[in-house]
There are 2 protein chains.
Amino acid sequence: MPATHRTRSLDSLAEDMQPQLGLRERKKLKTRVAIRRATYRLIAEQGYEATTVEQIAEAAEVSPSTVFRYFPTKEDIVLTDEYDPIMVAELRARPADEPVLDSLRHVVAKATRLALEHEPDEMIQRTTLLVQVPALRARMMQSMALTSRLLCTVLAERTGRTENDLEVRVFSMSVLGALYETTVYWAERDHEDELVDLLERALHTVQNGL
Amino acid sequence: MPATHRTRSLDSLAEDMQPQLGLRERKKLKTRVAIRRATYRLIAEQGYEATTVEQIAEAAEVSPSTVFRYFPTKEDIVLTDEYDPIMVAELRARPADEPVLDSLRHVVAKATRLALEHEPDEMIQRTTLLVQVPALRARMMQSMALTSRLLCTVLAERTGRTENDLEVRVFSMSVLGALYETTVYWAERDHEDELVDLLERALHTVQNGL
DNA sequence: CCTTCTTTTGAGAGTTACTGTCACTTGACA
DNA sequence: TGTCAAGTGACAGTAACTCTCAAAAGAAGG
């Protein structure tokens, strides 16, 4: 079966750089990718709810058990993304005396550009689904809360506070909330705006209020 | 069966003020209350996941079908709260030239005090569950997003913008995110702080940054 | 190449939240 | 009291998970 090379994705990236992983690991990666591809395809054809895990398993040529072994929930097949650690690293790399929101602006812009040029299709399909499917929105917000905790750690380092400090946590969460809402807004308006610009405006609003 | 009058709740409040509702409506209210009481009791005894809807139905002396007729999901039995419309009304009642965050401070403080004096037990149990059960957190955040849209409407009126304005939406969401995180923080620290004070600090942080 | 150990997989059975249907009961109202 | 609408329960069905266990397949050593 000829693999499509038209869409570039994190998956395909991961496929490429196989620095001599054992056969076992390579197969695992392939299965993971196959499940995700099948999922995205089926959902595009039938919609999220109409697509059952059984169908996904069949399309990916694995058993349903295997699907659940790779992804804890159906939502995760769609939503899992791997940008958090990258963003944390970038954030730590910024000069320590730079105002926090400036750092965030830079990092968010960079990560967004990276994501947009790297896997634009997935990004659009994912955010579209976010608008359409409540279950996915809920799950997304959960992962947003997780990301917020990561951000807390970095902010704590910067400000000399605890990562459990109320102010740190509130600030992180309100930033993440802002970014989330912006993403939804972008998708609602059919991705016609420049996401980077929207995010810039969002962070500006967080900083200066209405 | 003698009803406990030790705990004051919205439910019991609603029970009291029955300004001549028909028998039908009164029965509906009673069923609703029975389901919720049973749920809270069972969850306190066994935990959230271990409690099945069937058990709840049995304890509330209704059929499972009826439970689902009253609450769309198991999560909703625990989480449904009715403060949103009150807060919106209060917010509209504030002077139009008052800075938005000042209005919010007042309204949030008032609603919180009301809730705390009125149904402290439910509030504590609910927020405790919020910390323990991921599914409830997710659902809570979803309802937070809904509340955010309400807030958007009010903010739009105030600022002369659209309720779909990016800045309005981002601001609403970041405020709500802040309030949510504060609630979780409160519960995580075993409700030992004064929630009103924490919320005040949270809104201060939203206004002035870290 | 063959053996042994370990990881991964698939098959199947079970649980539970939720949906839809339909006949029956029970308040509302004349 | 009888008629109508609203509310309820029983039942059957779906789909997302979970658990268990035996078979398959890669890794490692002789």
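Order of the sequence lines sets the chain letters (A, B, ...), proteins ahead of strands, with each chain counted from 1.
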| In whole angstrom, what separates R32(B)'s CZ from dT8(D)'s P? | 12 Å
| field | NZ or CZ of K74(B) within 45° of Y48(B) ring axis and under 6.0 Å | value | yes
| task | Note down the inter-axis angle between the two ends of the helix from dC1(C)-dG30(D) to dA30(C)-dT1(D), five pairs each, to the nearest 10°. | result | 20°
| Can you find a donor-acceptor N/O pair under 3.5 angstrom joining the side chain of T73(B) to the base of dA17(C)? | no
| Within the structure, does a side-chain N or O atom of Y70(B) lie under 4.0 Å from either OP1 or OP2 of dT8(D)? | yes
| request: Could you tell me whether the side chain of M140(B) reaches within less than 4.5 Å of the side chain of R126(B), counting heavy atoms only? | output: no
| query | With a 4.5 Å limit on heavy-atom distance, are the side chains of P134(B) and Q142(A) in contact? | reply | yes
| field | Flag for R158(B)-S103(B): side-chain donor and acceptor within less than 3.5 Å | value | yes
| task | Can you tell me the distance, in whole Å, between the CD atom of Q46(A) and the P atom of dA15(D)? | result | 11 Å
| Residue whose closest nucleotide on DNA chain D lies nearer the 5' end, F71(A) versus K28(B) | K28(B)
| message | For dT16(C) and T52(B) - does any side-chain N or O of the residue sit under 4.0 Å from the phosphate oxygens OP1/OP2? | response | no
| task | Please say whether the positively charged group of K28(A), taken as NZ for Lys or CZ for Arg, lies over the ring of Y70(A), i.e. under 6.0 angstrom from the six-membered ring centre and within 45 degrees of the axis. | result | no
| query | In terms of side-chain heavy atoms of T31(A), which of dT9(C), dC17(D), dT8(D) is nearest? | reply | dT9(C)
| query | Tell me: CD1 of I77(B) to C1' of dT16(C), nearest whole Å? | reply | 13 Å
| field | Test item: Y83(A) and I86(A) side chains (from C-beta on) under 4.5 Å apart, heavy atoms | value | yes
| If we only count heavy atoms from C-beta on, is the V108(A) to T112(A) side-chain gap below 4.5 Å? | yes
| request: Scan P64(A) against the nucleic acid and name what it touches under 4.0 Å (heavy atoms): base, sugar-phosphate only, or nothing. | output: nothing
| request: Measure the CH2-CD1 distance between W186(B) and I124(B) for me, rounded to the nearest 0.5 Å. | output: 5.0 Å
| remark: Taken to the nearest 0.5 Å, the spacing of T147(A) OG1 from D81(A) CG works out to 7.5 Å
| said: Nearest whole Å is fine: how far is dT16(C) P from F68(B) CZ? | reply: 12 Å
| request: On DNA chain C, check which nucleotide each of T51(B) and S65(A) is closest to and give me the residue with the more 5' one. | output: S65(A)
| More 5' along DNA chain C: V62(A) or R69(B), using each one's nearest nucleotide? | V62(A)
| Between L136(B) (CG) and dA17(C) (C1'), how many Å, whole number? | 14 Å
| Close side-chain approach of H118(A) and M123(A), heavy atoms under 4.5 Å | no
| message | I need the CD-P distance between Q55(B) and dT15(C), as an integer number of Å. | response | 13 Å
| request: Would you give a per-nucleotide map of nucleotides 23-30 of chain D, 5' to 3', where B means the base has a protein non-hydrogen atom under 4.0 Å away, S means only the sugar-phosphate does, and - means neither? | output: --BBS---
| Within this structure, what is the CD1-to-C1' distance between I43(B) and dA17(C), rounded to whole angstrom? | 14 Å
| Value in whole Å for how far the P atom of dT7(C) lies from CZ of R26(A) | 19 Å
